[in-house]
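In this chain, residues are counted from 1 in sequence order.
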Amino acid sequence: MELANKLGLSDTQVKTWYQNRSISNHSLNNQIRHSPSPMLNPGSPPGQSESNPPDSDDEEDNIQV
């Protein structure tokens with residue numbers, strides 16, 4: 001392999017590195033794909049988490065007519 005010669009490594013070393021890197025990227029992509037996304041949570045408005053509910057003391061909300 002041309003790359004192995006340029007790096008001063010054996011073909012086996014380059015192939016092993018490539019395989020390990022490929023599996024690592026594949027695993028990382030699966031974790032990202034299967035992790036819950038805050039954008040997919042329809043129960044909370046954007047920028048609002050369930051652990052931080054909106055304040056009910058806001059002046060706008062307490063206007064009496």
Side-chain angles (χ1 to χ4, degrees):
M1 285 178 100
E2 187 177 323
L3 181 60
N5 289 333
K6 285 185 178 182
L7 296 174
L9 302 170
S10 70
D11 290 347
T12 303
Q13 287 174 305
V14 173
K15 289 176 185 178
T16 302
W17 176 87
Y18 180 79
Q19 289 173 345
N20 289 341
R21 186 70 181 168
S22 179
I23 289 173
S24 176
N25 284 338
H26 181 73
S27 297
L28 181 61
N29 287 336
N30 280 340
Q31 287 177 353
I32 291 170
R33 240 182 265 139
H34 295 136
S35 67
S37 171
M39 297 302 289
L40 297 178
N41 185 356
S44 299
Q48 188 70 44
S49 68
E50 291 181 23
S51 62
N52 187 15
D55 293 334
S56 60
D57 299 332
D58 291 343
E59 291 180 25
E60 295 173 10
D61 294 338
N62 294 329
I63 297 175
Q64 296 178 358
V65 180

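- Taking S10 as the reference, Q13 meet the side chain to side chain donor-acceptor pair (under 3.5 Å) condition, with sequence neighbours excluded.
- For N30, the side chain to side chain donor-acceptor pair (under 3.5 Å) partners two or more places apart in sequence, or in a different chain, are H26, R33.
- Applying the side chain to side chain donor-acceptor pair (under 3.5 Å) test to residues at least two apart or on different chains, none of the pairs has a partner in residues 15-25.
- Counting only residues at least two apart or in different chains, salt bridge (Lys or Arg N to Asp or Glu O under 4.0 Å) contacts with residues 3-13 comprise E2-K6.
- Among pairs with a residue in residues 22-32, none fulfils salt bridge (Lys or Arg N to Asp or Glu O under 4.0 Å), at least two apart in sequence or across chains.
- Listed by chain and number, the residues in a side chain to side chain contact (heavy atoms under 4.5 Å, CB included) with L28 are Q31, I32 (sequence neighbours excluded).
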